[in-house]
2 protein chains.
Amino acid sequence: MQKYTGETPVLVAVDCIIFGFDGWNIKLLLVQRNLDPEKGKWSLMGGFMQPGESPDDAANRVLEHRTGLKNVYMDQFRVFGGPDRDPVERTLSIAYYALIDINKYEKQLNDDHHAEWFLPEEMPELIFDHNEMVKLARRQLMYKAALHPILFQLLPEKFTIPQLQALYEGVYQTKFDDRNFSRKLLSTGLLIKLAEKDKQSSKKGAFYYTLDQSHYEENFESFLNLVPNPNKFFQ
Amino acid sequence: MQKYTGETPVLVAVDCIIFGFDGWNIKLLLVQRNLDPEKGKWSLMGGFMQPGESPDDAANRVLEHRTGLKNVYMDQFRVFGGPDRDPVERTLSIAYYALIDINKYEKQLNDDHHAEWFLPEEMPELIFDHNEMVKLARRQLMYKAALHPILFQLLPEKFTIPQLQALYEGVYQTKFDDRNFSRKLLSTGLLIKLAEKDKQSSKKGAFYYTLDQSHYEENFESFLNLVPNPNKFFQ
DNA sequence: CCAAAAGTGTTTCCTGTACACCCATGT
DNA sequence: ACATGGGTGTACAGGAAACACTTTTGG
């Protein structure tokens, strides 16, 4: 077989920044690295791309292996490729962020792999350039979630509007006006109201909603305005 | 030196979708490929990432080598990594789009490298998955230019508002209202009016403007609304 | 009956859009 | 004078944001 001679191949890895939401806070899933160098230190979930795999395949495999979840929302957001980013050998990393429903996550795997959920403020130091990856992923999430309804991916099938709001407030670290928030979200036409109420967090109870899947997919690329004054977060 | 054993390295390339604007139309710069396979066929400008180079370095090198231009606006927008995308050998491609001032481009290099500017509608078939890359790059350009003032990068130092409008109309393939367009752009505070007028295209003449560089950089990440009814392009 | 949270109403403001008109000037 | 494009003025509609109030129900 013909080859491109004289070119130097490099290793290619994928790294996943995995976001979850526990009802109050956004959290990140980290693992303790099980190979040298930096064995035992905290890192993102990642792995090398295998022959026959596309980068997306690799990212999905890593995610399934670590969390037991398939068909997860993922966004490839940046390649990290500085020549010295991995001290062992030149490795290119394709970074993805993933949004998962924390309730579907299998705790069993968690323990097996020495994985743990962290609040962004309480994260330990990570290996290599993983700190930078997390920083960029959080920014990217804020950017995209201001325009597109991706945060639904972090919630269970049915959820209440106050839950949804708590999620947005977690991502943007601000309080939003309750009344405007619910009206804004309802006006998108993305939500289907259910008969059932959640009575856990209040006496009156909040109605459950689900996502209108077809409407969601059709208008996903359009610009919405889900966050008040988004520019204040990007200046 | 320690190594990750058992992992398969792959070649990594960068490919650049280079946009230019000749005053009336958006154009794309393509080259005739000078190595096998597919020698002589049209392709994007690309090259392999070299040891010691980051992907951004590689993209800048390719661009400078082919156009003579440095410090060009580039955006890494997607990795193309299907296992069979290059028939010769597994190659990952990191795709960038670049926006250049067509007047600064050196025609000499053009001829040397068998490069040519094409209208998007008149482009030849390209090798590998380059057609798909172009398609995605054009979409990405529309997306980003609706929110951020990147299209200025395609114009010379000084330009008139009608020129700017023609550019936007080229990118979105629509007519915009002249009066609203100029008012909207002026209200961004990005433009500095010059004393001089361009009398080429009208008797009254249109004032030249330049970009307020500091304002541009400071607010680059904020959302602007530069395009009327942007959602119609993404539904 | 009161407290606590859900969620609907109302008003104000501002921005995006549509459309009419005046301006400058080379021929 | 007049045609041709450049640019400003105006008027309206709809959406975003600020703030008030009612509704529900467990204790």
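So you know, we letter chains A, B, ... as the sequences are listed, proteins then strands, and number each from 1.
Applying the salt bridge (charged side-chain N to carboxylate O under 4.0 Å, His left out) test to pairs two or more places apart or on separate chains, those with a residue in residues 160-175 of chain B are B/E169-B/K175. Residue pairs satisfying the salt bridge (charged side-chain N to carboxylate O under 4.0 Å, His left out) criterion with at least one member in residues 203-224 of chain A, sequence neighbours excluded, are listed as follows: A/E221-B/R139.
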Problem set entry | Base-contact (B) and sugar-phosphate-only (S) positions in nucleotides 2-14 of chain D, heavy-atom cut-off under 4.0 Å, - elsewhere | ---BBBBBB----
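In this structure A/K27 satisfies the salt bridge (charged side-chain N to carboxylate O under 4.0 Å, His left out) test together with A/D22, sequence neighbours excluded. Every residue two or more places apart in sequence or in another chain was checked for a ring-ring contact (aromatic ring centres under 6.0 Å, His included) with A/H215, and none qualifies. Residues that satisfy the side-chain hydrogen bond (donor to acceptor under 3.5 Å, both in side chains) test with B/E125, not counting sequence neighbours, are B/N131. Residues passing the salt bridge (charged side-chain N to carboxylate O under 4.0 Å, His left out) test with B/D56, sequence neighbours excluded: none. For A/D101, the side chain to side chain contact (heavy atoms under 4.5 Å, CB included) partners are A/N103, A/K104, A/P156, not counting sequence neighbours. Take B/D177 and apply the side-chain hydrogen bond (donor to acceptor under 3.5 Å, both in side chains) test, not counting sequence neighbours, and it matches B/R179. Residues satisfying the side chain to side chain contact (heavy atoms under 4.5 Å, CB included) criterion with A/K199, sequence neighbours excluded, are absent altogether.
Listed by residue number, there are no residues of residues 220-234 of chain B with a heavy-atom contact under 4.0 Å to DNA chain D.
With A/Y97 as reference, A/K144 is the one residue of A/M74, A/M133, A/K144 to meet the side chain to side chain contact (heavy atoms under 4.5 Å, CB included) rule.
Here chain A contacts DNA chain C (any atom closer than 4.0 Å to a heavy atom, that is under 4.0 Å), and the contacts span C/dA5 to C/dT10 from 5' to 3'.
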